[in-house]
2 protein chains.
Amino acid sequence: MLTQSEENYLKAIYALSETGGEAISTNLLAEKMATKPSSVTDMVKKLSDKGFISYQKYQGCDLTVIGKKIALEIIRKHRLWEVFLVEKLNFGWEEVHEIAEQLEHIQSPKLTDHLEEYLGFPKVDPHGDPIPDKNGLFEVLNKSIPLSELNVAEKGIVIGVEDGSSDFFQFLKRYNIGLGTEIIVAEKFSFDQSVLVKVNHTEISFSSLVSNKIFIQKR
Amino acid sequence: MLTQSEENYLKAIYALSETGGEAISTNLLAEKMATKPSSVTDMVKKLSDKGFISYQKYQGCDLTVIGKKIALEIIRKHRLWEVFLVEKLNFGWEEVHEIAEQLEHIQSPKLTDHLEEYLGFPKVDPHGDPIPDKNGLFEVLNKSIPLSELNVAEKGIVIGVEDGSSDFFQFLKRYNIGLGTEIIVAEKFSFDQSVLVKVNHTEISFSSLVSNKIFIQKR
DNA sequence: AAAAATTTTTAGACAAGGCTAAATTAATCA
DNA sequence: TGATTAATTTAGCCTTGTCTAAAAATTTTT
C-alpha cells in the first residue's frame, strides 16, 4: 500500500513523462512537487526500491509498467470524482480539482468501479481530460487542436492556450472562457480567417491570431 | 487543520464519552484506538494543548466544546457518505463502514453540504444512527435498545448493530438479518442469557453476545 | 582540456506519530 | 497503614517525509 505522498509522486512523474518523453530530472520533479531536490532524491530512491520507477543516480527517473498502472489508477479516480462533483453535486468545473486531489487517494477499487457505473462510464472529466478505464486504458482520439481547425457546426472543449501572457488571459476572462469551456463554431470567414463562435450563449468573433492560440478537444 | 490521526482520536473520545459519561481513561482510549497507552498520552497532550480536549495528568480526558463540534462534523461526514454509498452506489449496509472511515476525512465543508442536499437531508445513516446537521444537532427520538432487553413475546425491528466487524455481518447475512428485519422473542434462557427468536419464519438461538449487539426498535 | 557553473546527492536535523522499557503515580488489599 | 498491583507517564528510539548545508558529479564555457 502506497502513502499519499508516494501516490502524488507517481502522478507527477506520469504527468511529466506525458509531455517530456525523456527521463525526468530531479529538479524538474522537485519543481512540480513544490519541494526541494534533496527531498525528491530520497523519495525517488524509495520508489525505485519498491519497483515503481526506474532510477539511476544523476540520470533522472521514469515509471515502470507497475508504476504507470498505479499512476493511471489515481488519475482515473481523480477524474471520476471530478465528474461526480460537477454532474451530481453541482460544483463549478474550476472548483473541483482541489477536492478531487483528496478523493483520489481513497482506497477501494469497488468504490471506484461503482462510482464509474453510477456516472454512466464517462469518457472524459469536466476539463476534457480522458478517464482511464479499469485496465488503465483510455481513448487517445481526443488530441487537442487549435480552435482554428474546427469546422462549422463542430464543437470542442477548451483544453489550453498557447500564449501565456496575462493580457491574453484577461481577454479570455472577459468572455468567460477557461479550461473546459465549450465552444461551438457558428461560421468561418475565409477572407480574414476569422471565426464566429458561440460561447456561454454568446456569439463572439475571434481573429485567426486568437483562434490559433486556443487549443480545444473535439466533441 | 487537524491530521487524520487527530480527527480519529476526537471521534473515539466522543464515542466513549457518549456511553461512559465520565472522563475517558488513557487505557480505555488506547484500546479503542488499537494503540499503546504511551502513544495515547502523547496525543492527548497535543490535543489538550490545541484546546480540543481537557486533560489532567492521571485524570483522563474529555472533549471541550470545540472538540465536540469537530467530532460531530466528522461523524456527520461519515454518516452522510454511508448513505451515499448505500443509496446511490448500491453498496450493502454492512460494507460501507471502512470506506466511510476514509471519506470522513475529506476537507471541504461545501462538499459535505452539497452531499447532504443531494441525498435529501437524511436523518439517519444505513445503520440507523442519527446524522448531525450543519450545526452538530441531531434528533434523539428513535431510541434503540439491544435485542437482549426485549421480553418474551415482544417484537422489534432491526435498526442497527454495534459490532462493525465483517465476521459479524457475515453471521447476520447468513440468517438474512438486515436493517428493517422483524424479530420476535420466543423464549429467554436465564442460565446463559441466550434468547430464542423468530426471524423470517425461522427459529434461531442467539447468544447474549449477539443479542447485545443487535439494536432494535420496539414495535 | 581545464575552469566554472549547474545539477544532484549526501549528511545531519526536525516534526509527527508510533513503539518498548523503565519510572512514577494512583489504587487496592492485607 | 504499608505493601503490592495496576494505570499512567517519561525517556529514548524508529519511520516517513521534509529541510538546509555541504560534497560530489555532470555539464557548459572558455
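Each chain gets a letter, A, B and so on, in the order its sequence line appears, and its residues count up from 1.
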Rounded to the nearest Å, what distance is computed from the CG atom of residue A:Leu29 to the C1' atom of nucleotide C:dT9?
15 Å

Calculate the interatomic distance between A:Asn27 atom CG and C:dA5 atom P; express it in whole Å.
18 Å

Just checking, any donor-acceptor pair under 3.5 angstrom between side chains of B:Asn27 and B:Ser25?
no

When you get a sec, tell me which of D:dT9, C:dC19, C:dT9 is the closest nucleotide to the side chain of B:Thr35?
C:dC19

For B:Glu31 and D:dA7, what is the distance between atoms CD and C1' respectively, to the nearest whole Å?
14 Å

Which part of the nucleic acid does B:Ser5 contact within heavy-atom distance under 4.0 Å: base, sugar-phosphate only, or nothing?
sugar-phosphate

Identify whether any heavy atom of B:Ser39 sits under 4.0 Å from a base atom; if not, whether one sits that close to sugar-phosphate; answer base, sugar-phosphate or nothing.
base

Value in whole Å for how far the P atom of D:dT15 lies from CG of A:Asp42:
14 Å

Set of residues satisfying side-chain hydrogen bond (donor to acceptor under 3.5 Å, both in side chains) with respect to A:His97, sequence neighbours excluded
A:His78, A:Glu101

Would you check, one step at a time, whether the test side-chain hydrogen bond (donor to acceptor under 3.5 Å, both in side chains) holds for B:Asn212 with B:Ser148?
CA-CA 5 Å; B:Asn212 275 306; B:Ser148 56; 2.7 Å; yes

Could you check whether A:Lys134 pairs with A:Glu116 (Lys NZ or Arg NE/NH1/NH2 to Asp/Glu carboxylate O, under 4.0 Å)?
no

OP1 or OP2 of C:dG18 less than 4.0 angstrom from a side-chain nitrogen or oxygen of B:Tyr9, does that happen here?
yes

When all nucleic acid strands are considered with a 4.0 Å heavy-atom cut-off, which category describes A:Thr41: base, sugar-phosphate, or nothing?
base

Mapping A:Ser38 and B:Ser25 to their closest nucleotides on DNA chain D, which lands nearer the 5' end?
B:Ser25

Think B:Tyr55 has a side-chain N or O under 4.0 angstrom from the OP1 or OP2 of D:dT8?
no

Partner set under side-chain hydrogen bond (donor to acceptor under 3.5 Å, both in side chains) for B:Asn8, not counting sequence neighbours
B:His105

With a 4.0 Å cut-off, would you call B:Lys11 and B:Glu7 a salt bridge?
no

Please determine if B:Arg76 and B:Asp113 form a salt bridge, counting it only when a charged side-chain N lies under 4.0 Å from a carboxylate O.
yes

Please list each protein N or O that sits under 3.5 Å from an N or O in nucleotides 25-29 of chain C, with the distance.
{"from": "C:dT25", "atom 1": "O4'", "to": "B:Tyr58", "atom 2": "OH", "distance (Å)": "3.2"}

